[in-house]
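Below: one structure, written as structure tokens.
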Amino acid sequence: PAAYLAIALCGVYLSTYQISLLSITEHFNLNPFMKGVLVALQYIGLCLPPLFLGSLSEKIGKKTLVSFAMPVMILGIAFIVLTDNLVLFITGILLSGAGYSVTEATLTATLGVEFSEKSALHLGLSQAGFSVGAVLAPLWCDALFNAGYSYRHAFGIVGIALIVTCILFL
């Protein structure tokens, strides 16, 4: 169950970042080009770690790798929530993106291996959970923003949910 919850929270994280981009760029007074740079930086954080760490999961084990990746994601979210410094914020984007991608990719692969006889069912459930998280995040973020809360609050909630999930996963 914790693996499915973690994958759903990956969807929540990704959508929370996307819906928060406007308020983030306003907070840091960034122009449209820099908004694009923030998107690109997240994708750099998303794409590079799985390339380098995929083979590592075979050596140290998938659960060990996820037990490292989830705290990296949480640390990145902490940077996003707590800093007013753009360089530290960018560090948070890279760290959270890296933790997200390794967590999501490794858990998806793990479900396929662990439930090899019913892998299509379990992979489908995990991707449905991801999608539900990605669809629900804009709804509750919009409610938070309309109530006067900021992207920091939205990411704080995601971070707390990930901490609980990380504890359940271990």
Side-chain angles (χ1 to χ4, degrees), residues 1-28 30 32 34-50 66-84 86 88-111 122-170:
Y4 294 105
L5 181 57
I7 292 171
L9 287 172
C10 285
V12 171
Y13 158 79
L14 198 60
S15 267
T16 299
Y17 184 70
Q18 292 167 349
I19 196 170
S20 298
L21 274 173
L22 179 60
S23 60
I24 290 167
T25 55
E26 289 172 352
H27 176 81
F28 287 104
L30 301 175
M34 287 303 297
K35 183 178 181 180
V37 169
L38 289 181
V39 172
L41 287 170
Q42 185 194 35
Y43 280 99
I44 289 169
L46 294 175
C47 74
L48 293 179
V66 171
S67 297
F68 172 75
M70 285 181 73
V72 168
M73 185 176 177
I74 293 164
L75 178 64
I77 289 172
F79 275 82
I80 290 169
V81 169
L82 299 174
T83 191
D84 279 322
L86 185 59
L88 292 177
F89 184 85
I90 288 169
T91 302
I93 291 170
L94 292 169
L95 287 172
S96 62
Y100 153 85
S101 63
V102 172
T103 298
E104 196 273 332
T106 306
L107 285 177
T108 300
T110 301
L111 289 171
H122 290 278
L123 293 174
L125 288 172
S126 71
Q127 293 311 298
F130 177 92
S131 297
V132 167
V135 168
L136 292 179
L139 299 174
W140 67 266
C141 283
D142 186 57
L144 280 174
F145 298 161
N146 287 331
Y149 295 99
S150 74
Y151 71 89
R152 294 174 191 245
H153 298 96
F155 276 104
I157 292 168
V158 174
I160 290 167
L162 280 166
I163 290 169
V164 171
T165 304
C166 191
I167 291 168
L168 292 173
F169 185 78
L170 299 174

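Quick caveat: nothing in here was measured; it's all calculated off a predicted structure.
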Fill in: Distance-minimising heavy-atom pair for Phe130 and Cys10
CE1-C, 3.7 Å

Discussion item. Looking at Phe68, I want to see if its CZ is surrounded by more than 12 non-hydrogen atoms of other residues, nucleotides or ligands under 6.0 Å.
Written reply: no

Discussion item. Looking at every non-hydrogen atom in both residues, tell me the closest pair between Thr91 and Phe79 and how far apart they are.
Written reply: CG2-CE2, 4.3 Å

Item to complete: Mind listing the closest non-hydrogen atom pair of Leu14 and Gln42 along with its distance?
Response: CD1-NE2, 3.6 Å

Discussion item. Could you measure the distance from the CG atom of Leu136 to the OG1 atom of Thr16? Nearest 0.5 Å is fine.
Written reply: 10.5 Å

Worksheet item: What's the spacing between Phe155 CZ and Cys141 SG if we round to 0.5 Å?
Response: 7.5 Å

Worksheet item: Are any of the side-chain heavy atoms of Leu38 and Phe28 separated by less than 4.5 Å?
Response: no

Worksheet entry | Minimum heavy-atom distance Ile93-Tyr13, with the two atoms named | O-OH, 4.1 Å

Practice prompt. Please step through side chain to side chain donor-acceptor pair (under 3.5 Å) for the pair Thr108 and Glu104, ending with a clear verdict.
Written response: CA-CA 6 Å; Thr108 300; Glu104 196 273 332; 3.2 Å; yes

Fill in: Rounded distance [0.5 Å steps], CD1 in Ile7 versus CG in Leu123
8.5 Å

Worksheet item: Is Asp142 reaching over with its side chain to a backbone N or O of Pro138, donor-acceptor style, under 3.5 angstrom?
Response: no

Fill in: Any Cys166 side-chain heavy atom under 4.5 Å of Pro71 side chain
yes

Worksheet item: For Leu30 and Val37, what are the C-alpha separation, side-chain angles and deciding distance, and is it a side-chain contact (heavy atoms from CB on, under 4.5 Å)?
Response: CA-CA 10 Å; Leu30 301 175; Val37 169; over 6 Å; no

Fill in: Donor-acceptor pair, side chain of Ser101 and main chain of Leu46, under 3.5 angstrom
yes

Worksheet item: Got a second to check how far Ile167's CD1 is from Leu162's CG, nearest 0.5 Å?
Response: 11.0 Å

Discussion item. Please give me the minimum heavy-atom distance between Ser126 and Leu111, naming the atom from each residue.
Written reply: CB-CD1, 3.6 Å

Fill in: Check: Ile24 and Lys35 side chains under 4.5 Å, non-hydrogen atoms
no

Worksheet item: Atom CZ in Phe89, atom CG in Leu41: separation rounded to 0.5 Å?
Response: 10.0 Å

Practice prompt. Say whether, by atom type as modelled, one donor and one acceptor occur between the side chain of Ser15 and the main chain of Val12 under 3.5 angstrom.
Written response: no

Item to complete: Any chance you could measure Leu94, atom CG, to Tyr43, atom OH, to the nearest 0.5 Å?
Response: 14.0 Å

Item to complete: Heavy atoms only: give me the nearest Ala6-Met70 pair and the separation to one decimal.
Response: CB-CE, 4.1 Å

